[in-house]
Amino acid sequence: MPPETSLPGAFYVRPTLDVARDLLGRILCRRLPGGSTLRGRIVEVEAYDGPEDRASHACRGRTARTRPMFERGGIAYVYQIYGVHFCLNVVTGGEGYPAAVLLRATESPRKDGSASGPGRLTRVFGIDRSFDGASFLGDELWIETGEPVADAEVKRTARIGVDYAGEWAERDFRFVITSHPALSGPRSLR
DNA sequence: GGTGCGATTGCA
DNA sequence: GCAATCGCACCA
């Protein structure tokens with residue numbers, strides 16, 4: 001079982017932008033098949049908020065792929081991109097409202113818990129489609145409270161790779177720990 | 001049943 | 001700058 005310091009279910013059942021902001025500094029944890037646990041501090045995330053968000057997969061409605069996004073917060077939404085990489089999202093909010101936070105980068109004093117970019121992150125943590133719908137309150141995957149991150153250390157920017165989303169592409173739904181070396185994306189968004 | 005493309009990455 | 005590589009959304 002995850003430790004007492006694991007974030008409770010109620011943490012995830014809140015507005016997506018709040019959860020995204022509050023996930024910075026938290027510790028993504030994954031118990032590996034061998035029994036050891038991989039840990040990485042979350043330093044970059046993006047929010048995908050509701051059925052109107054043209055950058056969100058859920059803007060097309062409830063489909064086989066996006067079903068987890070419509071569930072109650074606290075589970076994973078994992079999809080494959082470009083037929084090559086997986087992306088790990090934390091589903092947020094109440095049941096019926098499609099929203100999630102994409103985990104884009106982690107850092108760790110241990111090299112094996114560091115990853116810059118959503119595709120690299122899932123590779124490092126051994127996350128694939130088998131984790132789609134998995135709970136963040138279980139004993140294989142969870143997030144620990146970590147250390148708080150002050151507002152002065154947080155920067156908001158536009159999301160990466162969603163130029164097709166019109167005005168939604170310009171919204172500052174990406175949250176990063178300012179100038180952190182592990183951030184992905186263009187330098188202009190650090 | 002056919003088609004087009006993507007919340008990315010690594011290599012030329 | 002562009003190929004890799006495939007699930008899936010959408011149209012017929």
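A note on names: the letters A, B, ... follow the listed sequences, proteins ahead of strands, and every chain is numbered from 1.
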### Query
Taking OH from A/Tyr79 and C1' from C/dC8, how many angstroms apart are they, rounded to a whole number?
13 Å
### Query
Looking across every strand, which nucleic acid part, if any, lies under 4.0 Å from A/Glu46 by heavy atom: base, sugar-phosphate, or nothing?
nothing
### Task
Hunt down the Watson-Crick or G-U wobble partner of B/dG1, both distances under 3.5 Å, from any strand shown, or write none.
C/dC11
## Note on the structure
Here the distance between atom P of C/dG7 and atom CG of A/Asp128, to the nearest Å, is 13 Å
### Query
Picking from A/Ile127, A/Asp132, A/Asp128, what satisfies side-chain contact (heavy atoms from CB on, under 4.5 Å) with A/Leu88?
A/Ile127
### Query
At under 4.0 Å between heavy atoms, what does A/Arg159 touch on the DNA or RNA strands: base, sugar-phosphate, or nothing?
nothing
#### Entry: Whole-Å gap separating P (C/dC11) and CZ (A/Arg60)
9 Å
### Query
Taking the side chain of A/Arg104 as heavy atoms from C-beta outward, which of B/dA7, C/dG7, C/dA9 is closest to it?
B/dA7
### Message
Would you measure the distance from the C1' atom in C/dC2 across to the matching atom in B/dC5 and give it in whole Å?
### Response
15 Å
### Euclidean distance, atom OH of residue A/Tyr164 to atom P of C/dA9 [Å, nearest integer]
13 Å
### Task
Have a look at A/Val84 and say if it touches a base, only the backbone sugar-phosphate, or nothing, with a 4.0 Å heavy-atom cut-off.
base
#### Entry: Watson-Crick or G-U counterpart of C/dT5, or none if no pair lies under 3.5 Å
none
### Message
From C-beta outward on A/Tyr77, which listed nucleotide comes closest to its side chain: C/dC10, B/dA7, B/dT9?
### Response
B/dA7
#### Entry: Rounded interatomic separation in angstrom, taking CD1 from A/Ile81 and C1' from C/dA9
13 Å
### Message
Between P on B/dA7 and NE2 on A/His57, what's the gap in Å once rounded to a whole number?
### Response
4 Å
### Query
Think A/Arg123 has a side-chain N or O under 4.0 angstrom from the OP1 or OP2 of B/dG10?
yes
### Query
How is A/Arg54 classified with respect to the nucleic acid when contacts are heavy atoms under 4.0 Å: base, sugar-phosphate, or nothing?
nothing
### Query
Expressed in angstrom and rounded to an integer, what is the separation of A/Asp172 atom CG from B/dA7 atom C1'?
16 Å
### Task
Test side-chain contact (heavy atoms from CB on, under 4.5 Å) on A/Val101 and A/Phe175 and set out the steps.
CA-CA 10 Å; A/Val101 177; A/Phe175 296 77; over 6 Å; no
### Task
Using atom NE2 of A/His85 as one end and atom P of B/dG10 as the other, report the distance to the nearest whole Å.
6 Å
### Cationic N near anionic O, under 4.0 Å, A/Glu167 to A/Arg171
yes
### Task
Among the candidates B/dT8, C/dG7, B/dG10, find the nucleotide nearest to the side-chain atoms of A/Arg120.
B/dG10
### Query
Is any NZ, NE, NH1 or NH2 atom of the basic residue among A/Arg41 and A/Glu144 found under 4.0 Å from an Asp or Glu carboxylate oxygen of the other?
no
### Query
Cation-pi between A/Arg14 and A/Phe11: NZ/CZ under 6.0 Å from ring centre and within 45° of the ring axis?
yes
### Message
With nearest nucleotide decided by heavy atoms, which residue, A/Arg129 or A/Tyr82, maps closer to the 5′ end of DNA chain C?
### Response
A/Tyr82
